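None of the values given here were measured: they were computed from a predicted structure. Atoms within each ligand, like the ligands themselves, are counted from 1 in listed order.
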Amino acid sequence: MAESDVERTGGPRPPAGQQAASQPIVVAYKSDPVRGAVWSAVFRSELPQASFHMWPEIEAGEEVEYLVAWVAPPDLERVLPNLKVLFSIGAGIDQLNLDAIPPHVTIVRMLDPDLTRGMIEYATFAVLALHRDIPHYVSDQQASRWSYRPLQRAEERRVGIMGLGVLGQALAESLKFFGFPLRGWSASPKTIEGVETFSGPEQLGAFLSGCDILVCLLPLTEDTRGILCHATFEQLPKGARLLNAARGGHLVEDDLIAALASGRVDCAILDVLQSEPPAADHALFKHPRVMITPHIASATLPQAAAQRVCRLIERHRSGLPMEGVIDRRRGY
Ligand code: NAP
Ligand code: GLV
């Protein structure tokens with residue numbers, strides 16, 4: 001667990017379990033109601049001392065200390081004045097307006113082995129598809145064309161991962177098997193066996209210059225919004241390939257369309273777009289060298305996610321650190 005992912009709640013700690021036993025636990029859930037039914041059942045069996053309320057059926061908002069949500073209500077402070085922890089249903093928290101969440105509320109993002117496994121599957125598939133020219137073959141099939149492309153060895157295709165966090169590192173581990181030379185870029189310096197690492201804006205150019213396939217697994221923050229843009233594409237080797245499985249806000253879509261036209265970028269796989277769903281006539285939706293999936297790279301499975309949140313609430317009430325606490329200053 002990264003130190004930055006750990007919250008120390010501070011102040012004198014009650015003996016483990018004492019707070020949990022003596023005070024009611026009131027939890028509100030504000031997201032998809034079908035998944036909510038699974039959450040409710042898990043809470044009944046795993047944390048029976050908690051009362052679990054589906055939004056908007058909250059009788060006494062002042063009793064709610066824990067909120068599970070994808071997006072918080074805009075008037076959060078008024079409706080849940082005693083909220084202590086907001087659990088994001090997603091791994092990313094860019095959908096939350098941090099300014100509207102009181103500073104004393106701890107924000108916890110979703111870290112879940114199933115979610116990581118989902119991303120490993122999707123991003124490994126996508127890197128292999130880019131490596132093996134699959135966007136071209138899909139397009140050829142649609143045009144009833146039968147044409148071969150020369151095979152390239154994985155050892156000759158350099159893969160660069162932007163974002164060496166939970167998901168980026170898991171992908172790097174999975175890609176080692178195929179023999180791609182791997183490199184990665186993060187905010188702080190890292191040492192990862194078998195991965196050439198770069199960090200910070202000053203090393204971005206050196207990183208990009210060796211990415212035949214560029215993968216974005218960054219969080220969306222003020223620093224990373226629009227990072228997949230003309231200036232970035234210009235620093236890639238000509239004919240590089242792109243996978244964006246992070247957020248649509250990372251990509252300047254018109255810049256990608258221009259880079260595809262100039263040949264700077266050969267083909268792309270996008271799981272996320274600026275606007276989801278895109279308009280039916282969106283230029284990237286119809287582009288013959290772009291494959292698009294509807295933000296399905298990975299997802300939080302409700303059963304496991306609810307179990308995880310039950311354990312985190314127990315830890316919080318025992319004064320223990322929780323995994324996945326976000327750092328508001330960094331924005332992730
Ligand atoms: P994470 O563990 O927080 O890792 C983020 C990584 O990005 C870290 O290595 C961090 O560097 C690096 N980073 C952040 N800001 C940077 C900057 N300005 N410059 C360079 N590097 C920077 O996040 P994660 O769990 O791997 O998830 C990444 C993102 O994937 C999520 O935020 C979400 O948007 C997206 N996601 C998408 C899907 C989907 O279905 N498409 C599913 C799940 C998640 P340090 O290590 O130095 O802090
Ligand atoms: C999905 O996109 C997530 O952030 O979990």
Side-chain angles (χ1 to χ4, degrees), residues 1-6 31-32 35 68-71 87-96 98 107-126 160-174 183-192 195 197-208 211 214-229 232 243-251 269-274 276 292-302 304-305 308 323-332:
M1 187 195 315
E3 192 56 38
S4 57
D5 277 347
V6 172
S31 192
D32 173 56
R35 290 167 154 251
V68 177
W70 174 251
V71 273
F87 294 102
S88 164
I89 282 185
I93 54 96
D94 52 282
Q95 74 283 0
L96 295 169
L98 297 186
I107 303 169
V108 180
R109 73 195 189 95
M110 190 52 66
L111 292 176
D112 171 45
D114 286 330
L115 192 140
T116 304
R117 262 193 296 274
M119 183 57 81
I120 293 171
E121 287 174 5
Y122 179 92
T124 304
F125 140 79
I161 305 172
M162 300 177 105
L164 290 174
V166 174
L167 301 180
Q169 289 201 36
L171 174 64
E173 208 44 53
S174 156
R183 50 176 52 206
W185 182 67
S186 52
S188 55
K190 300 211 181 315
T191 305
I192 303 170
V195 181
T197 54
F198 301 80
S199 62
E202 57 292 344
Q203 291 185 7
L204 179 59
F207 164 75
L208 291 171
C211 295
L214 177 67
V215 179
C216 179
L217 279 174
L218 289 166
L220 184 62
T221 66
E222 284 315 305
D223 291 335
T224 65
R225 185 175 296 281
I227 195 163
L228 302 174
C229 62
T232 292
L243 165 61
N244 186 13
R247 287 289 184 264
H250 288 121
L251 176 65
I269 297 183
L270 308 174
D271 182 54
V272 285
L273 287 174
Q274 286 278 0
E276 297 174 4
I292 288 183
T293 49
H295 201 143
I296 47 76
S298 193
T300 306
L301 302 177
R308 174 183 144 76
E323 197 185 5
V325 171
I326 68 124
D327 177 338
R328 285 180 185 241
R329 278 170 305 121
R330 294 187 318 182
Y332 68 96

Residue selection (non-hydrogen contact nearest atom 9 (O) of ligand 1) among Leu164, Leu171, Asp271: Leu164
N or O contact, Leu167 vs ligand 1, cut-off under 3.5 Å: yes
Check: Asp223 N/O within less than 3.5 Å of ligand 1 N/O: no
Option nearest atom 32 (O) of ligand 1 (shortest heavy-atom distance, choices Pro219, Gly248, Gly118): Pro219
Non-hydrogen atom of Arg330 closer than 4.0 Å to ligand 1: yes
N or O pair under 3.5 Å between Trp185 and ligand 1: no
Whether His295 lies under 4.0 Å from ligand 2, heavy atom: yes
Minimum non-hydrogen distance to atom 37 (C) of ligand 1, winning option of Gly92, Ala123, Gly165, Ala245: Ala245
For atom 4 (O) of ligand 2, the protein heavy atom that lies nearest, with its residue and separation: Arg247 NH2, 2.6 Å
Numbered atoms and elements of ligand 1 in range of Leu217, under 4.0 angstrom, heavy atoms: 28 (C)
Of the listed options Gly118, Ser88, Ala91, closest to atom 3 (C) of ligand 2 (non-hydrogen atoms): Ala91
Any Gln169 heavy atom less than 4.0 Å from ligand 1: no
Ala187 N/O under 3.5 Å from ligand 1 N/O: yes
Side chains of Ser298 and Glu121, donor plus acceptor under 3.5 Å: no
Close approach, Thr221 and ligand 1, non-hydrogen under 4.0 angstrom: no
Ligand 1 to Ile296 polar contact by distance, N or O atoms, under 3.5 Å: no
Test of proximity, Ser298 against ligand 1: N or O pairs below 3.5 Å: yes
